[in-house]
2 protein chains.
Amino acid sequence: MTVTLADVAARAQVSPATVSRVLNGNYPVAASTRERVLKAVDELDYVLNGPASALAAATSDLVGILVNDIADPFFGIMASAIQSEIGGPGGRAGGERLAVVCNTGGSPERELTYLTLLQRQRAAAVVLTGGAVEGVPHAAAIAAKLRKLADAGTRVVLCGRPPAPDTPAIALTFDNRGGARQLTEHLIGLGHRRLGYIAGPKERTTTRHRLEGHRDALAAAGVEEDPRCTVYGRYDRRSGYEATLELLRRDPALTAVVAANDSVALGACAALRESGLRIPEDVSVAGFDDLPFSVDAVPSLTTVRLPLAEAGARAGRIAMGREEPPPGGIATVRGELMVRGSTGIPRT
Amino acid sequence: MTVTLADVAARAQVSPATVSRVLNGNYPVAASTRERVLKAVDELDYVLNGPASALAAATSDLVGILVNDIADPFFGIMASAIQSEIGGPGGRAGGERLAVVCNTGGSPERELTYLTLLQRQRAAAVVLTGGAVEGVPHAAAIAAKLRKLADAGTRVVLCGRPPAPDTPAIALTFDNRGGARQLTEHLIGLGHRRLGYIAGPKERTTTRHRLEGHRDALAAAGVEEDPRCTVYGRYDRRSGYEATLELLRRDPALTAVVAANDSVALGACAALRESGLRIPEDVSVAGFDDLPFSVDAVPSLTTVRLPLAEAGARAGRIAMGREEPPPGGIATVRGELMVRGSTGIPRT
DNA sequence: GGCCGTGCAGCAAGCGCTTTCTATCAACGA
DNA sequence: TCGTTGATAGAAAGCGCTTGCTGCACGGCC
């Protein structure tokens, strides 16, 4: 059968307690004893029983990372950065932790279930990334769960998600609103007045904030906004493609398309091109996030760069207690406008 | 303190054993009793203690997914597909399992450490994705670990990775060699004779197989190959950019660039464009994988489509024991040549 | 010389759950 | 009416580890 602590103890001629202490290194053990134990561990190829250890110590080395869509680099980049700080193998942290990336698909139910699963595993920390789904029942349920997790000693960090009120969760929030505003201001500054907006899924905070920023800019510039110029969709390329065709149908004279994110913007570009429109001569296109492929689009995409990796790394450190949480438990992370080739002055 | 099974039992006026049986549903319990128990669970907001349960039952509901780079959609797509079949919340499988995505960064050491961590957690299954690192010590160490995992009852599946000899691991291998060969044959068929090849990291199986397929095609067509026409790099855009400049320096007259994957190809496109070369009029470019953004490149990328999602889903099902493993434990998954706008006849 | 502080190691009591074995009880056929 | 059987429920023994407390030896100190 599998090797247990007791087997190692027997081989090293010490008590199980001593083996445990050698392995955990949290109690003085004579050097000679330690060596004997380590030798036995090695010879027997002993691997600690995680569940047993977690049970006895009432702690776990699991850290959960919740993402909306793991196939989307937006989340992949953040998850990667978080994980690199979590420790895990190769991380700088001593204790080896298992970072668990969970794919919620953007569904609040699955999010909740994953949180329960993590609670069940007595996770050491949980990082929730990306926009939340709005709506009282969901928000309340998630908040309640986060509170319970925190009560049980799990550190909870939100990365790229608005703060969860009445919750001990630390929030690193992206300034989606400000970024979107800057972007649209840029377009307005170029002379655009007829802008189409392709939003994300309707009930997401990210969607709402970006849209609000866009509208703020329009309002500030005195550009009146036709609600028909906003189309809702998903955060993917396909959605951008379809929404753009729809926008073009509604207003063939629009001169700019602002997309909810870069993938959507790429889909928009494809649709415009197929419609015989040049970018940016006929129609300007702007994205959001500045994912790695955006600079490679032709023309390269004007967008708002979000420091995904930096934010993720910081969230990871906070989750591990290796960095002070921001004052008030909330920090706003700003984006940076990247003006590139896909936006220009409107056609006359 | 936290609520335990005993608390629930007390409240429902039954024994802990009965509560356990209700929760696991693997033993007859009278309907009335079950209801009483479930009510108590609900009222107390009881959450099972995972470690304790795993310890007592000697099983765990953790499933590990190892990926080389979680920020790369290649792995994100596979991981997403695997996870969707693993069960997890929302999955069709009844038992709720926690899918753990582990980011190895392509390092065999970290891979090994993650495997140990999963072994420690007594994972129910492990899926390793993507190419392996070649080299006897590593391969042997990984094989030994896989054997040990399998011995301990963990199901081991390789997805998009060559079979691990002397190992009970089920392998779903991509036909990288065949795909690469087809791709290069396509280019040769167009009339290209001076092809540059941008390979991935030198010690990876994926790199080697794709390169071999490329060379097979060249050899079969009687095109003699200059080793200077192959440049090694990483599997990212940057690498493609730099490698292309290098290739151009070595042979300004080349008419086609074959890249190790789509990201690399995109970088190659950028470099060519900056060098004043048109695609495909001056130089053809081909990628591999057919990631979602590849069709949006301008011109859209000729590449080999790998059924990442399908393969991942299948790997997930096999890992869960919901699908028969292929005969011999090995299946080859073929790619499909996607001819698009980035390849054309060579300039004269 | 007796005492005590110090440094290490062991004992043993759990951690919260699962599961085997046993007990109970009602129904039922003989 | 009684033994038998089937369906449930409970008692209790762990699962493999951690850790508070105890035990012991050694050396320095008064």
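The figures here come from the full heavy-atom set of this structure, side chains too, leaving out hydrogens, waters and symmetry mates. Within every chain, numbering begins at 1; the chains are lettered A, B, ... in the order of the sequence lines, protein sequences first and strands thereafter.
- A donor atom on one side chain and an acceptor atom on the other are not found under 3.5 Å apart for A:Thr104 and A:Ser107.
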Evaluate the side-chain contact (heavy atoms from CB on, under 4.5 Å) criterion for residues A:Leu98 and B:Tyr114: first the C-alpha distance (whole Å), next the side-chain angles of each, then the deciding distance (0.1 Å), finally the verdict. CA-CA 8 Å; A:Leu98 228 198; B:Tyr114 267 125; 3.8 Å; yes
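- DNA chain D lies under 4.0 Å from at least one heavy atom of each of the following residues of residues 18-30 of chain B: B:Thr18, B:Arg21, B:Tyr27, B:Pro28, B:Val29, B:Ala30.
- For the side-chain contact (heavy atoms from CB on, under 4.5 Å) test, residues two or more places apart in sequence or in another chain that qualify with B:Arg120 are A:Val47, A:Leu48, A:Asp61, B:Leu117.
- Of the residues in residues 49-56 of chain A, those placing a heavy atom less than 4.0 Å from an atom of DNA chain C are A:Leu55, A:Ala56, in numerical order.
- In this structure, A:Arg36 places its CZ atom 14 Å from P of C:dC8, rounding to the nearest Å.
- Between B:Arg314 and B:Glu324 no salt bridge is recorded (no basic side-chain N to carboxylate O distance below 4.0 Å).
- The shortest non-hydrogen separation linking B:Pro163 to B:Ala171 is CA-CB, 3.7 Å.
- Listed pair B:Thr33 / D:dA9 meets the phosphate criterion, a side-chain N or O lying under 4.0 Å from OP1 or OP2.
- The pair B:Glu109-B:Lys145 fails the salt-bridge criterion, with no side-chain N (NZ, NE, NH1 or NH2) lying under 4.0 Å from an Asp/Glu carboxylate O.
- Straight-line distance from the CG atom of A:Asp7 to the C1' atom of D:dC15: 14 Å, rounded to whole Å.
- Axis angle between the ends of the helix from C:dG1-D:dC30 to C:dA30-D:dT1, five pairs each and rounded to 10 degrees, works out to 60°.
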Please walk me through it: do A:Val14 and A:Val37 pass side-chain contact (heavy atoms from CB on, under 4.5 Å)? CA-CA 8 Å; A:Val14 295; A:Val37 169; 3.9 Å; yes
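- With A:Val63 as the fixed residue, the side-chain contact (heavy atoms from CB on, under 4.5 Å) test singles out one of A:Val101, A:Val126, A:Ile86, A:Ile82: A:Ile86.
- Here D:dA11 presents its C1' atom at 15 Å from CG of B:Leu5, a figure rounded to the nearest Å.
- Distance B:Arg122 CZ to D:dC15 P: 14 Å, rounded to the nearest Å.
- Looking at B:Leu128, B:Asp166, B:Thr154, B:Asp151 one by one, the single match for side-chain contact (heavy atoms from CB on, under 4.5 Å) with B:Leu146 turns out to be B:Leu128.
- Residue whose closest nucleotide on DNA chain D sits further toward the 5' end, between B:Val14 and A:Thr4: B:Val14.
- Sorted by first and then second residue, the salt bridge (Lys or Arg N to Asp or Glu O under 4.0 Å) pairs with a member in residues 126-138 of chain A read A:Glu134-A:Arg208; sequence neighbours excluded.
- Within the structure, every pair that satisfies the salt bridge (Lys or Arg N to Asp or Glu O under 4.0 Å) test and touches residues 37-57 of chain A, not counting sequence neighbours, is listed here: A:Arg11-A:Glu43, A:Lys39-A:Glu43, A:Asp45-B:Lys148.
- Summarising the geometry, the separation between CD on B:Glu35 and C1' on D:dT8 is reported as 16 Å, rounded to the nearest angstrom.
- To the nearest angstrom, P of D:dG10 lies 10 Å from CD of B:Gln13.
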